[in-house]
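As structure tokens, the structure follows; a few thoughts come after it.
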Amino acid sequence: MSEGLRAPKGTFDVLPPESERFLAVRETLTAPLRRAGYGYVETPVFEETAVFSRGVGESTDVVTKEMYTFDDRGGRSLTLRPELTAGLMRAFIEHRLHTGALPVKLWTVGSAFRYERPQAGRYRHFTQVDMEALGVDDPALDAEVVALGVQGFRDLGLTDFELLLTSLGDGSDRPQYREKLVAYLDRLDLDEDTRRRAEINPLRVLDDKRPEVQAQLQDAPLMVDHLSDSSRAHYDAVRQYLTDLGISWTEAPMLVRGLDYYTKTTFEFVHHGLGAQSAIGGGGRYDGLSAALGGPDVSGIGYAVGVDRTLLAVQAEGLDIGVATGVQAFVVPLGAEAKRLAVRLVGQLRQAGISADTVYGDRGLKGAMKAADRSGASHAVVIGERDLAAGVGQLKDLRTGEQIAVPTGELFERVRATVGA
Ligand code: HAM
């Protein structure tokens, strides 16, 4: 016997009824974006590899270890997107959106792929809701972006989450800070791999979770203490706007995100019920990304929320969202003639916007009534052979068990009036 095929390692299937929760999370996270004037975009699931190697950054684990990169049959190097921002920026540049009204506000939702070591909350295929506000460098926009992320989580009913916030400076102050950090790291006892990382991007060492490294970083210089006047003013303004919006945060001067493009405002949302993979979302400003991809010198800010992890957070807090409600009406026909009537009735009800279902396959009365109960319908229409001979169907209230005979010609209207209210 050949072995059964399974979903690839690190991936999973989302099946009913759990999938209803998944959809509800996705909808709830995106609704605030639509209300704030963000427009929906779709970009390809794969891009030229350079979009990510140049966009996300050569020092990141994402680019060096985690990308699904392959040559297509035409010999082009393509990569399954490990995140959605670089592709959106590629589209923004390609379609010259910067020549229109700014900021350009975009959102999307879809699959991302990273060859990571799978564990609870960390998968090789996952779903992100991503939003970006492009072309304007205004701290009020940073605050809007952060606030929309918070709103999505609040709308889901989540409370046990925290906003981590910092500023990573920009081209005017990062180089000097980098020098200071390199000088500090030089004096530490670090392995070769870590030294190599430090050479490409010393900030990444701050993010090293190993206790022996963390212990040596106690007195490391912090970017927030070395911000230029303009970066500091920007960060102060962002925090003022957030305060005005009633949003609280935790200062996180050691926060280094896993992607290289961040400048200035940088943030992460963590949930306290999730264990090691606690980041349910993250983002920030990326003033150099467009230029890195060959575009004009425009800034951007945005975030991505992990839908799968947010769903875990929703479960961790025991929230009752997206529970499948089932259909409103269920039709149980007995015999071939009744079945024709059932098919017609279900079709009419669905056309009228009422959710309805019936049985397929030869189920018998008992099996069919079980299916009716499982369907979640409040009412069933049972059409037996004797009923049909009498020109009626039985409209049954599945909650009380009461039933009444209704002439077949009136069934549609009666069901509609009963369950459609
Ligand atoms: P990120 O922090 O790499 O940022 O990912 C955002 C979120 O995606 C994470 O907080 C997490 O919830 C989810 N996520 C990431 N990797 C995995 C995984 N392997 N399994 C399950 N969930 C995962 C970005 O991707 C940036 N593009 C965000 C951004 C938008 N920055 C600016 N604009």
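When a ligand or atom number is given, it counts from 1 through the structure's own listing order.
Judged by distance alone, the side chain of R122 and the main-chain N or O of R117 form a donor-acceptor pair under 3.5 Å.
Centroid-to-centroid, the aromatic rings of F70 and Y68 stay 6.0 Å apart or farther.
For ligand 1, the protein residues placed under 4.0 Å by at least one non-hydrogen atom are E83, T85, R114, E116, G121, R122, Y123, F126, Q128, D130, E132, R257, L259, Y261, Y262, A279, I280, G281, G282, G283, G284, Y286, G302, Y303, A304, G306, R309.
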Could you give the side-chain donor-acceptor pairs of residues 36-43 under 3.5 Å, partners two or more places apart or in another chain?
from, atom 1, to, atom 2, distance (Å)
Y38, OH, E144, OE2, 2.7
Y40, OH, E42, OE2, 2.8

Pairs of donor and acceptor atoms involving the side chains of residues 359-382, under 3.5 Å and at least two apart or interchain, shall be tabulated with distances.
from, atom 1, to, atom 2, distance (Å)
S375, OG, A372, O, 2.7
S375, OG, A377, N, 3.1

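Here side-chain hydrogen bond (donor to acceptor under 3.5 Å, both in side chains) pairs that include residues 241-253, with residues two or more places apart or in two chains, are E162-T250, Y235-E251, R239-E251, Q240-D244, W249-E251.
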Between H125 and F113, does the ring pair (Phe, Tyr, Trp, His ring centres under 6.0 Å) criterion hold? Intermediate values first, please. CA-CA 5 Å; H125 167 245; F113 308 85; 5.2 Å; yes
